[in-house]
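So the structure is just underneath, and the comments pick up after that.
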Amino acid sequence: MTAYLKNLNEAQREGVINVEGPCMIIAGAGAGKTRVLTYRIVHLLKEKEIDPFHILALTFTNKAANEMRSRIEKVVGQEARNIWLGTFHSIFARILRTEADKLGYPPNFSIYDSNDSKSLIKAIVKEMNLDDKIYKPSVVLARISGAKNRLVSAHEYVNNPIYQADDESARKPEMGTIFMKYVERCFKAGAMDFDDLLFNTYKLFNQHVDVLYKYQERFKYILIDEFQDTNVAQYAILKDLAAIHKNVCVVGDDAQSIYAFRGADIRNILNFEKHYPNLQIIKLEQNYRSTKNIVNAANTIINHNKAQFKKAVWTSNEAGELIELIRATNDLEEGKLVASSIFENKVNHHLSNNDFVVLYRTNSQSRTIEEALRKMDIPYRIVGGMSFYQRKEIKDILAYLRFVVNHNDEEALKRIINLPKRGIGPTSVDKMVVAAFEHDIPIWEVMCNVEKFLSGSIANAVDEFVHMVKSFAVDLQQKDAYEVATHIARRSGLLKELHEDKTIEGLSRYENVQELLNGIKQFVVNTDNKDKSLGAFLQEIALVTSMDEASDEATEKITLMTIHATKGLEFEYVYIMGMEEDLFPSPLMLNSRADLEEERRLFYVAVTRAKRKVFCSYALNRYRFGRPKNCKPSRFIEEIDPAYLHSNEKYHRSTVSQKNTGHAAQLVNDVQKKQYKNLKPINKTLSDFQPTDTTHLKEGMKVEHPKFGVGTVTKLDTSGTEKKAKVDFINFGEKTLLLSFVKLRVLDALREERKT
DNA sequence: GCGTAACCTGTTTTT
DNA sequence: CAGGTTACGC
């Protein structure tokens, strides 16, 4: 038997080797579905000798795609590079880029992110003289997005009496008109939003049979990860692509469907069975990840849901620990208790920071735990939240690049036309937009003949801007992306403006821009990228989200992220924060029973990330919008079978067991009990201790027994003779520090705290 | 058109 | 609390 098949169970092996015909793998959490998927691809390449060119593998996140590619590469080597493997959005963007002309788009079309979309909607609402409180950009976009994801075009939307009636009763009768205008404006700007990448791919395949045929023949084997999260559009495209060869394998878990809000339709799993009568269904029910207690507790949670497929997830792992509750009086204390619990478990079990994850429902909840971890000097990384590419200075540069590549990108134009200040205000821009509309010409043409539309000094300013952009566009033909981008950054004056800002924020903004330019350089140097144009770079990063960004893996860090971002990952210890009614489940989700079930699945996903232990924390009082609010524990806590819950009604007190940990543990206990009165304050401030500061551990000293508690320090004294001394030390964050140092540090932290 | 200060208002998840 | 918007004076 081939080596890679040996470490699979029978069901998994079935999933790997039966590559012909349609196949659906329903896999419980931790049952190794990614493993099956990767091995299936390996099997196709190695055993069936399929050309990688004929394999299409689709995932939802770039992270998952990269992970899968590197796993495959480990087994088959270079060959893995030629597989069409990526997210739905990135693969479809790639296809659309080559076929753009057939839909009337330029090949270097822009991709609007949701901010661009909202900004455009806002502009349209304003132009139509509608109330932007009734037509909130986010609400309108959600409606448009929902339609596109169900493959409803703007034209079909306005002609459908059901949608009309819906909007009438929601007192938003102009919704359809906004939709029409939005689509038109995107098209004229040569831009597609996220949903267009799917919608237009579907349109392309249905209007151009020859194009569809080309890709049908290319993708002889299709694999889909996280199938439960596909929406109608994705499903329809998938069906089209697989229509000839029908070698399509989907992997999913209905219990982990958490993207219905984005249009994911769980019925795809049912339809799939109907559509392929000879469908092979494989169930993976054995969990290899978690302890019995975690698997069973998760099962009791998900069993509260009515809509679910029969599945019995089980494990042969040890029973393990019960789920533990952490109750805090307020959100700040919650952060501290979680941080000290992490610290305690880390030192007691000799774990790495990488073994811990803190999960929460909303990004804004990260604040309290961040503060607590910072105070304890424990390094952490945040996944999600404000992305590098979302920063103002980065978006500004990118807008320049986008506009040079696509002169009709209206959203990019609005960003940069007066940046740095050129004396062209919003009023002038509006005038040009209106002129473009009235004469039915692209905005760029208006700008090129600006003297016909605007007066004197402003026309001159616009003219100058146009000349600058034209000169950049010339470079585009001759130079690579890096050279063009650096030139644009300098010549536009953006870099200069940032450089002159000597504040700390200004400095970091300047560095960020440098980092972006470095990123472009790497893109150019990278031999994997055949197309080194600026357009190719822009397309790639338009679909990169904050979840995918590279972070230094060198230092061990605690991971902080939303539950949505954690899918597909696993950790030894999982902390779920903010387990309160009105937060999780989110009150906005409670409109219907189905939505509550999605929140419950979210909780299920969170719990099943854990290999060893789960903590759920909640606060009795939480600050929201600067005002405190009383909270009560989440209904989800009640739903866990008490048999799997650590019955601890007292406030959680973090204690380190003394027998293992010596004096350092005593210190932690003392601090928590606030018995630090006899320690004298010292004349140093927090900033005197840099992250690299090891104070007592200097050159010529090393700790010989890196074990928590007691160690021996070897020291060379001035005469050069070696002397040994027994010391107490403590693993504080990533550092091994002498106890005396930690005492000072903790004392300072407490002093700081009293001040505020 | 620009800069500043006072004012207002909103709760979610992501490609 | 934080970001976006309005009002006002130059």
Side-chain angles (χ1 to χ4, degrees), chain A residues 58-65 86-93 111-115 117-119 122 126 132-133 136-139 141-142 145 148-149 192-199 201 226 229-231 233-234 257-264 331 359-365 367-368 383-387 389-390 392 417-430 454 457-458 461 541-548 561-567 578 580 582-591 595 598-599 601-603 605-606 622-629 631:
Chain A
L58 296 172
T59 63
F60 275 82
T61 63
N62 293 303
K63 198 174 184 166
T87 64
F88 278 93
H89 293 264
S90 69
I91 295 283
F92 293 164
I111 296 175
Y112 278 180
D113 68 12
S114 31
N115 288 320
S117 299
K118 278 181 217 160
S119 151
K122 201 173 167 183
K126 199 177 161 197
D132 64 353
K133 291 201 173 57
K136 274 188 265 185
S138 53
V139 174
L141 179 60
S145 172
K148 282 186 192 165
N149 283 328
M192 296 192 197
D193 68 12
F194 286 140
D195 306 310
D196 287 334
L197 294 176
L198 307 179
F199 186 87
T201 302
E226 309 281 12
D229 290 331
T230 48
N231 59 35
Q234 288 162 328
S257 156
I258 53 174
Y259 283 107
F261 73 91
R262 210 171 74 192
D331 48 352
L359 301 176
Y360 33 78
R361 179 67 237 269
T362 69
N363 278 308
S364 59
Q365 282 169 259
R367 266 248 312 273
T368 57
V383 179
M386 169 86 102
S387 143
Y389 294 106
Q390 304 256 323
K392 185 187 174 298
I417 191 159
N418 205 21
L419 199 100
K421 297 270 178 300
R422 275 181 262 271
I424 310 168
T427 330
S428 311
V429 176
D430 280 352
L454 290 176
S457 61
I458 292 172
I541 61 156
L543 299 167
V544 167
T545 70
S546 49
M547 278 169 60
D548 312 313
M561 59 182 151
T562 64
I563 305 175
H564 280 91
T566 196
K567 202 154 60 150
E580 294 142 35
D582 279 359
L583 189 60
F584 188 27
S586 163
L588 291 163
M589 278 292 232
L590 295 183
N591 303 325
D595 289 342
E598 175 150 324
E599 292 285 287
R601 290 193 293 268
L602 201 53
F603 186 41
V605 168
R622 177 177 299 275
Y623 272 80
R624 292 186 140 203
F625 300 124
R627 294 254 144 256
K629 209 187 143 192
C631 316

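First the proteins, then the strands, lettered A, B, ... as listed; each starts at 1.
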Of all the nucleotides listed ([options]), which has the minimum atom distance to the side chain of [X]?
| X | options | value |
| --- | --- | --- |
| A:Ile458 | B:dC2, B:dT15, B:dG1 | B:dG1 |
| A:Thr362 | B:dT12, B:dT14, B:dG10 | B:dT12 |
| A:Arg367 | B:dG3, C:dC1, C:dT5 | C:dC1 |
| A:Arg361 | B:dT13, B:dT15, B:dG3 | B:dT13 |
| A:Pro426 | B:dT15, B:dT12, B:dG1 | B:dG1 |
| A:Arg624 | B:dC2, B:dG1, B:dT11 | B:dT11 |
| A:His564 | B:dC2, B:dT13, B:dG1 | B:dT13 |
| A:Asn418 | B:dT14, B:dC2, B:dG1 | B:dC2 |
| A:Phe625 | B:dT11, B:dT13, B:dT15 | B:dT11 |
| A:Lys421 | C:dC1, B:dC2, B:dT14 | B:dC2 |

Given atom [atom1] of [X] and atom [atom2] of [N], what is their separation to the nearest angstrom?
| X | N | atom1 | atom2 | value |
| --- | --- | --- | --- | --- |
| A:Ile563 | B:dT14 | CD1 | P | 11 Å |
| A:Asp132 | C:dG4 | CG | C1' | 11 Å |
| A:Gln365 | B:dT11 | CD | C1' | 11 Å |
| A:Lys118 | C:dG3 | NZ | P | 14 Å |
| A:Arg622 | C:dC1 | CZ | P | 16 Å |
| A:Ile424 | B:dC2 | CD1 | P | 9 Å |
| A:Phe584 | B:dT11 | CZ | P | 20 Å |
| A:Tyr259 | B:dT14 | OH | P | 6 Å |

If you assign A:Thr427 and A:Leu588 each to the DNA chain B nucleotide with the nearest heavy atom, which residue ends up on the more 5' nucleotide?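 Nearest nucleotide further toward 5': that of A:Thr427.
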
Of A:Val429 and A:Ser364, the one whose closest DNA chain B nucleotide lies more 5': A:Val429

Verify the stacking flag for A:Phe261 against B:dT13: centroid separation must be under 5.5 angstrom and the ring planes must differ by under 30 degrees.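 According to the criterion (under 5.5 Å, under 30°), yes, A:Phe261 stacks.
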
Assign the ring pair A:Phe261 / A:His564 to parallel, tilted or perpendicular, where the plane angle (0 to 90°) is split at 30° and 60°. perpendicular

Mutual orientation of the aromatic rings belonging to A:Phe60 and A:Phe88 [parallel < 30°, tilted 30-60°, perpendicular > 60°]: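 It falls in the tilted class, 30° to 60°.
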
Expressed as a whole number of Å, how far does the P atom of B:dT13 sit from that of C:dG4? 16 Å

Please work out if A:Ser90 contacts a base, only the sugar-phosphate, or nothing of the nucleic acid, heavy-atom cut-off 4.0 Å.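 Result for A:Ser90 = nothing.
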
Please classify the nucleic acid contact of A:Phe60 as base, sugar-phosphate, or nothing, using heavy-atom distances under 4.0 Å.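 Contact class for A:Phe60: sugar-phosphate only.
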
Tell me whether A:Arg622 is salt-bridged to A:Asp582, with the criterion being a basic N under 4.0 Å from an acidic carboxylate O.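 Looking at A:Asp582 together with A:Arg622, the answer is no, because their closest N to O distance does not fall below 4.0 Å.
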
Answer yes or no: is there an ion pair linking A:Asp196 with A:Lys148, defined by an N-O contact shorter than 4.0 Å?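 A salt bridge links A:Asp196 with A:Lys148.
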
Do any side-chain nitrogens or oxygens of A:Ser586 fall under 4.0 Å of OP1 or OP2 in B:dT11? no

May I ask you to evaluate whether A:Asn363 reaches the phosphate of B:dT14, defined as a side-chain N or O under 4.0 Å from OP1 or OP2? yes

What's the separation between atom CD1 in A:Ile563 and atom CZ in A:Phe584, rounded to the nearest 0.5 Å? 4.0 Å

Nearest heavy-atom contact between A:Thr362 and A:Thr562 is C-CG2, 4.3 Å

